[in-house]
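Scroll down for the structure; my scribbles are underneath it.
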There are 2 protein chains.
Amino acid sequence: VVAWSSGNHAQGLAAAAAIVNTHATIVMPYDTPQIKIARTKRSGAEIVFYDRAHECREEIGYSLATRSGAVVVPPYDDYDVMAGQGTCGLELQQQCAAAGITLDALLIPCGGGGLAAGAGTAMQALSPQTRLYAVEPAEFNDHERSLLAGDRLQNDSAATSICDALLAPSPGELTFPINARNLTGVLTATDDEVRAAIQFAALELKLVVEPGGAIALAALHAKKLDIKGQRIGLILSGGNIDATLLSTILTDHSQ
Amino acid sequence: VVAWSSGNHAQGLAAAAAIVNTHATIVMPYDTPQIKIARTKRSGAEIVFYDRAHECREEIGYSLATRSGAVVVPPYDDYDVMAGQGTCGLELQQQCAAAGITLDALLIPCGGGGLAAGAGTAMQALSPQTRLYAVEPAEFNDHERSLLAGDRLQNDSAATSICDALLAPSPGELTFPINARNLTGVLTATDDEVRAAIQFAALELKLVVEPGGAIALAALHAKKLDIKGQRIGLILSGGNIDATLLSTILTDHSQ
C-alpha cells in the first residue's frame, strides 16, 4: 500500500500493513512530529519525505503506486476511509445511547474533512437531533470559508498552525458535499487556544492529546459555542504529540 | 468531616462534602504536591498542614474532630473506605467479564493497603483464579517485609519516594489481615522505574498518571513479574501530578 499522511493515518496504515504482512510506503512532510515518524517506522513502513510548501503529496503517492503496483489508501478523500472514520461516530453514539444521553452537539476536528464526514454521517443517521460542527485551525479555516462560498476554497499556502494533523490544503472533493449537507457550522481555534486545551486535557482530564486532536476541545474551552445546559460531544482525535512540545505546554503559565 | 490524606482521598472527600453541603477539614503534609492542594481547596475544604516527619496526622485529625464534633473519614484503615475502594476492583472485573477476559494477575498500588484490600477482595470474590499483587515504592516496602514477618512493620522514617500517595508509615491495622490473606505477593518499584512508567504512560498510553498511581505499571514496565502469555490487570490510581514534574519526566531521555 501507498499513502500520504501527516502522521496518524500513516501509523494506522503501517500497523495494518504489518498485521496483514504487506509493505507500506508512506509519503510524509519533512516537518512531521518526530513521534509520528518513529511510530510509523516502528511498524515497519517505508517513509518518503516531501516538502509541504513545494511538492504535491498526491502526485508523489500515485507515482510510487504506479511504479510498484501498490494500492493507494488516501488519508481522507475516499469513501472507504470515511466509512472507517465513521466508526468513531458510531461508537460514540452507541456509548451515549448506553448511558441514556442524547448529544445536543458534536464537535469534530477537521483537516481534509474525512473524520467530520464519516463520524458526522454516522451521528446524523443515529441521532439526527445532534448538531454537527467541524473545528479547524484559525488559519486553516477552508471549510468555514468554503461552506459560506458554497465552493471548495484553498488555505493560504503561507498559513501556519501547530495542528500538524489538520493542514490539508482545501476540503476534500468527496468529503465536502457530505460535510456541506451535514454540518450546522464550523468553529475555529488559534494555536494559543489549542495549547490551552492541551494543558487542560493533561491536567484536568489526565489525557495526552496532540494539537490537531485537541482542536474541538480548544473551541469549547475558548467558549466559541454557547453550550449552557447542553450535552456536548467532543472527538479528541490523536495523542501523538512530541514530548518536548507537551513538556513546554505543561509549564506555560500564560495558559 | 475530618480526614487526613496525602491528597487524593482529600480531593474526593472535599468534593463529596461540597455535594452534600457540609464542611471538610483535611490534614495534609506540607510536602503535598501543589496540584492536590489546589484541587482540595477548589472544592471548598479547609486544609491543616502537618510535618510528616515529626507529627502524627491521626492525632491531629482526631483532635480536630473531637473539638468540632465532625465525623472522621480515614484514608484507608476503615471498612467503609475499603469497601468504596473495592468498587475499583468490582468495575474492573465487570469490564473484564464483559470483554470475556479472565485476568491471570492484578497489580494494585499500595500505601496503607486500603485499595489493595478493597479491590483485592472484590476481585478475589468474582475471579478467584486471578493472582493479586500489591506494589510499593522500593523504600516503602512495609507490606513486602510485613507479609514475610507475619507482622506489621514500619517503614524507615528517613525513607523517601516520589510516590507521595503511597507514604503510609506501615500497613493498616484493618487492611493488613485482609491483604495477608488475599495477596500472592508484593512487588516494588524504584523512583526511576516510576518515572519511566509515567513517561511510558504519557507517550504510549496517552494517560497522565501520578507517581503513586503509576507504580503498578512501573513494576510491570521494569519486568518485576514474568507475564509472558498472561493477561494482567493494572490499577492506575491517580493522575494528580504537578505539571512541572510531569514536564521534567517527559523530556528525561535517560528513561
Side-chain angles (χ1 to χ4, degrees), chain A residues 7-8 11-12 14-15 33-43 88 91 94-95 97-99 109 165 195-214 216-217 234-255, chain B residues 7-8 11-12 14-15 33-43 88 91 94-95 97-99 109 165 195-214 216-217 234-255:
Chain A
N8 283 329
Q11 292 169 66
Q34 287 303 319
I35 189 172
K36 296 185 180 181
I37 296 172
R39 281 159 181 277
T40 304
K41 280 189 182 160
R42 191 166 78 177
S43 295
C88 177
E91 285 182 32
Q94 286 171 340
Q95 290 173 13
R195 284 191 194 93
I198 291 170
Q199 194 184 72
F200 177 87
L203 299 182
E204 297 290 331
L205 309 179
K206 314 302 176 190
L207 292 175
V208 172
V209 190
E210 67 177 84
L217 176 63
L234 290 177
I235 296 180
L236 305 179
S237 54
N240 295 306
I241 181 171
D242 276 339
T244 46
L245 176 59
L246 177 57
S247 178
T248 305
I249 290 172
L250 277 169
T251 50
D252 180 354
H253 296 295
S254 71
Q255 306 298 341
Chain B
N8 283 328
Q11 292 171 65
Q34 287 302 318
I35 188 171
K36 296 186 179 180
I37 296 171
R39 281 159 182 275
T40 304
K41 281 189 182 162
R42 192 165 78 177
S43 295
C88 177
E91 286 183 31
Q94 286 171 339
Q95 290 173 13
R195 285 192 193 94
I198 290 171
Q199 193 183 75
F200 177 86
L203 300 182
E204 297 289 330
L205 310 179
K206 315 301 178 192
L207 293 174
V208 172
V209 190
E210 67 178 85
L217 176 62
L234 291 176
I235 295 181
L236 305 179
S237 55
N240 296 306
I241 180 171
D242 277 338
T244 45
L245 176 59
L246 177 57
S247 179
T248 306
I249 289 172
L250 277 169
T251 50
D252 180 353
H253 297 296
S254 71
Q255 305 300 340

Legend entry - Among the listed options B:Leu250, B:Thr248, B:Asn240, the residue most often paired with chain A at heavy-atom distances under 4.5 Å: B:Leu250

Inset, instruction - Heavy-atom distances under 4.5 Å only: say whether B:Leu205 touches chain A with side chain, backbone, both or neither. - result: neither

Legend entry - Heavy-atom check, side chain of A:Leu207 versus side chain of B:Leu207, under 4.5 Å: yes

Inset, instruction - Considering only NZ, NE, NH1 and NH2 on the basic side and carboxylate oxygens on the acidic side, decide whether B:Lys206 and A:Glu210 come within less than 4.0 Å. - result: no

Legend entry - Over all atoms of both residues, closest heavy-atom pair of A:Ile35 and B:Leu203: CD1-O, 4.3 Å

